[in-house]
Amino acid sequence: MQLEQPRPDETPGEHIHIVSPKVYGTIFVALLFLTAATCGISYVDLGVFNAVVAMAIACTKMTLVVLFFMHIKYSNKLTKLTVASGIFLFLSLIGMIMSDYISRAWGRW
Amino acid sequence: MSTATIVSLPDQSTARVPKMNFLTRENGLLSWLLTGDHKRIATLYLISITFFFFIGGALAGLIRLELLTPQSDLLAMDTYNKVFTMHGIIMIFFFLVPSVPATLGNFLIPMMVGAKDLALPKINLLSWYLYMIAGVMAIYTMIAGGVDTGWTFTTPLSTHYLNTHVISTGLAIFVAGFSSIFTGLNFIVTIHKMRCPGMTWFRLPLFVWSNYAASILMVLGTPVLAITLVLIVLERTVGIGVFDPAKGGDPLLFQHLFWFYSHPAVYIMILPGMGVISEVVSTFSRKRVFGYTAVAFSSVAIAVFGFFVWAHHMFIMGISNYAALVFSLLTMLVAVPSAIKIFNWAFTLYKGSITFETPMLYAFGFMGLFTIGGMTGVFLGATGTDIHLTETYFIVAHFHFVMVGGMLMAFLSGIHFWWPKWTGRMYPEKISQFAAVTTFIGFNLTFFPQFILGMLGMPRRYASYPPEFQVLNVFSTAGATVLGVGYLLPILYLTWSLKYGAVAGDNPWQATGLEWMTQSPPLTENFPQIPVMDHEAYDYEWLERQQQQEVASV
Amino acid sequence: MSDTTITANRAATETESAHHPAHPSFQRHHFESVSQQFDATNFAMWLFLLTEIMFFGGLFTSYLIMRNWYYPAFVEGSHHLSIFWGTTNTAVLITSSFTMAMSVYSAQMKQKGKLVMYLVLTFILGLAFLCIKGIEWHGEWVDHHVPGLRFSDADFLNPKLDADVYKEYHDAPLSPEMAQNTEEYFFLYFAMTGMHALHMIVGIGLLGFIIFRARQGAYTSGHVTFVENFGLYWHFVDVIWIFLYPLLYLISRHT
């Protein structure tokens, strides 16, 4: 019976990876720490770097959530690619629109 | 016309349409309204989009009648504005976007990949309901007084200067957008996860590839339109001002966000049509599509490049010169994969055993008209000529060549091609060939004069025009009448064929796709058992060997 | 194919289904295996989240452009938000993400009691988030900072009107045009937090349904797909907030 043949895109046994509560706990503590950190740093005057640091911390937090809470670290390549393409297109949307705003002769940039 | 044919029908005196099929499996209205079967949902979609096509077509008829004379006499100016707006909205969001994917795609993709159904049947049904809700809202808008912003909802016109039903239209398109997101999402998941054993990516029919590319655009582009429409609605209801220059907003931001979806939407509309053409051209020239891999990847390339060209709709709106330059270059780039497809189809025909059944006639129509439509797109993508031609009838002719001459031809080609699979019966060949030729002639008569009108400077979206443009406009209106006949004929003879058409058998075209390996109309779960794909796509020699074996074993 | 082969095939289908190994009740008819079903629905959820990224993408783009155009207005506008509530809410949402992750773990380990407990905790934390958001929105309503409906730029023309904020930041008065543009900031603030809250409300509604089903033991017999996919949605909403928090509350604290 051909039903038992492995199907495309599927590597059996890989997809249900159980992440231990220890990992979840560590990530949770890290996220709380980063929240406190970003809040604290916002009171220090770093000039333009306030925004940079805040966004860097937010990106770190996002990465932690996506990798561990959302199990991307343990996912197959297809799911990883999906996430990457989402981020890529999001950045393209912003980047291509910015390319117009920044280079306008009459702009308010 | 050549009398050679590849059609092989079973002996009509004994053949019957199989009693057990997806249409007869269950009876009653509820069995249709609550169905999870992709083929039944495709049928529901087919009926609904045909309905909307004829509404949109009637509006187009009104536009052409009004333009018969230079004065605005048939319709008042603001009625004319509403008519062309509703024509655009209905044709784009309720016909072209769902046309091939939601009907043929829904019907065929699970069969082509060898699955029992789409991955998410309930979401598929939900998508049809969302489409219907959106359709009801659009019809409500028309009855309540219409909307006259143009289908582009240009701000601040749509937010501040007009008091027509922008909100209900915006919400209708918002809902229709989610319908198309769910269709696209379903296709992507199905193509990735539901392929039968042996069905590798490069054995997929090209129809599946092009629908896959279109689905990517649907899933990633449509949400941006959704949020833009939400902002428009908020602007009208609550009075916020992200797009309102008086409040510090930026109308160009609206244009950016709107065209970020609406340019890829053009590829959402045309890509599935290209898939149909690949199938038809291969089947009726008995040859594997030339450069299968190139055609497959050109679909994906169109989807990717398609996201980076949107600002060519904005060259005259005051975007920066540097951005215009970049977007213009990228626009030229997206013409390359489209040309790859056209060239590869031409090479497929070369030394093929070509026959001229109706689907093939429509496919030839597609290839000629799409080429003209695509090439004029390159003119418009060049910043210099764009300034002269944009907002004239040249642009109207350009996108009608792509959308009507391209997509609608492809849709009709596909409907004729898979009609025997869908209903188990053949359409009448002679009259349908006549319809295909009529459509082609009518189309050219309608839209070719509009290129000239545009070059001469006739602006679009006006109910009246200077008298010297009348001759060409009369041509155009006359052509529209012929075109109308060309579109009415199929609905008549296809309905007729439901009862009186010749019994088609499993594979009337001697085609190689998996969908032809099951009975017509198919069973509810498509195949008696999950098929195994053991040959390349479009392998006609494999088919011949298969048939010889069958004969030998009988 | 003649009719005889079709009947033969149908007979084959029937015998095949008779010999088919018993499937778990939650496996839908058109999937070949549970793992295929899990893979497909999981992938579908990720694609849906992709559309959500692009949905919020439009708002983030608007924010970026308006912020760069009207920087002073955005700075002073953000001074009127409460850092305390914003930070608390971030912590609440992160905690709810943690409890959601633990619910998925409990479902995988087939511990029904723990699953229901963690789900209820997530539910309560989600409601707490919305309540805090409500408190903040109420504050903005009182301060006439709701664009379109109840807005006045008096606080920005004359910052001393709001003594608490003035004490902390000593904002200079904005020019009349710039003061008007604070409405743009508050509009984006409401659009973004509002869209986010809408997603929270949908999530909490679904969560109620999941708790109901979990109590019946629906997710502790090997069928974790639904809980897992809902978890993805919940974490995604968390990720959006992780960006809203610095963008709206923090990065304009210092000019």
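Remember, predicted model here, so these are calculated numbers, not experimental data. Sequence lines set the chain letters: A, B, ... in the order given, protein chains first and strands last, and positions in each chain run from 1.
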Report summary line: When the 4.5 angstrom heavy-atom criterion is applied to C:F43 and chain A, the contacting part is side chain
Requested in this report: Give, as side chain, backbone, both or neither, the part of A:F68 having an atom under 4.5 angstrom from any heavy atom of chain C.
Outcome: neither
Query raised in the report: Roughly how far, to the nearest 0.5 Å, is CD1 of A:I57 from OH of C:Y245?
Result: 9.5 Å
Query raised in the report: If you measure from CD1 on C:I65 to CE on A:M98, what distance do you get to the nearest 0.5 Å?
Result: 5.0 Å
Query raised in the report: Based on non-hydrogen pairs under 4.5 Å, which of A:P21, A:A51, A:S20 is most in contact with chain C?
Result: A:P21
Report task. Assess whether atom NZ of A:K80 is packed by more than 12 heavy atoms of other residues, nucleotides or ligands within 6.0 Å. Result -> yes
**Report entry** Side chains of C:L232 and A:H71 in contact at under 4.5 Å (non-hydrogen atoms)
**Finding:** no
Query - 4.5 Å side-chain heavy-atom contact, C:D238 and A:M70 - result: no
Report summary line: Turns out that what part of C:M100 lies under 4.5 Å from chain A's heavy atoms comes down to neither
**Report entry** Under 4.5 Å from a heavy atom of chain A, the part of C:L250 involved
**Finding:** both
Query raised in the report: Taking C:G57, C:P246, C:S106 one by one, which has the highest count of heavy-atom pairs under 4.5 Å against chain A?
Result: C:G57
Query - Among A:V65, A:L34, A:L64, side chain to side chain contact (heavy atoms under 4.5 Å, CB included) partner for C:I242 - result: A:V65
Report summary line: Closest non-hydrogen contact found for A:R104 with C:W69 is NH1-CZ2, 4.2 Å
Report task. Name the region of C:I53, side chain, backbone, both or neither, that has any atom closer than 4.5 Å to a heavy atom of chain A. Result -> both
Report task. List the steps, then state whether side-chain contact (heavy atoms from CB on, under 4.5 Å) holds for A:F90 with C:F56. Result -> CA-CA 9 Å; A:F90 173 72; C:F56 280 96; over 6 Å; no
Query - Separation between CG of C:L64 and OH of A:Y101, rounded to the nearest 0.5 Å - result: 10.5 Å
Query raised in the report: Is it the case that more than 12 heavy atoms not belonging to A:Y43 sit under 6.0 Å from its OH atom?
Result: yes
Query - Which atoms of A:T79 approach chain C - backbone, side chain, both or neither, heavy atom under 4.5 Å - result: side chain
Report task. Side-chain contact test, heavy atoms from C-beta onward, threshold under 4.5 Å: evaluate it for C:F98 versus A:F69 and give yes or no. Result -> yes
Query - Straight-line distance of A:Y24 OH to C:M102 CE, nearest 0.5 Å - result: 8.0 Å
**Report entry** Contact class of C:T95 relative to chain A, heavy atoms under 4.5 angstrom
**Finding:** both
Query raised in the report: Contact part of A:V44 toward chain C, heavy-atom cut-off under 4.5 Å: side chain, backbone, both or neither?
Result: backbone
**Report entry** Heavy-atom closest pair, residues A:A54 and C:I251
**Finding:** CB-CG2, 3.1 Å
Query raised in the report: Does a side-chain heavy-atom distance below 4.5 Å link A:V19 with C:Y105?
Result: no
Query - Engaged part of C:E168 at the chain A interface, taking heavy atoms whose separation is under 4.5 Å - result: side chain
Query raised in the report: Tell me, do C:I83 and A:C39 make a side-chain contact under 4.5 Å, heavy atoms counted?
Result: yes
Report summary line: Rounded to the nearest 0.5 Å, the CG atom of C:D39 sits from the CG atom of A:N76 at a distance of 6.0 Å
Query raised in the report: chain C heavy atoms under 4.5 Å from A:L89: which part of the residue, side chain, backbone, both or neither?
Result: both
Query raised in the report: When rounded to the nearest 0.5 angstrom, what distance separates OG1 in A:T35 from CD1 in C:I94?
Result: 3.0 Å
Query raised in the report: Taking C-beta and beyond as the side chain, do C:F243 and A:C59 meet within less than 4.5 Å on heavy atoms?
Result: yes
**Report entry** CA sep, side-chain torsions, deciding dist, call: C:T61, A:M96, side-chain contact (heavy atoms from CB on, under 4.5 Å)
**Finding:** CA-CA 10 Å; C:T61 312; A:M96 295 290 278; over 6 Å; no
Query raised in the report: Are the side chains of A:M55 and C:L247 in touch, meaning some heavy atoms are under 4.5 Å apart?
Result: yes
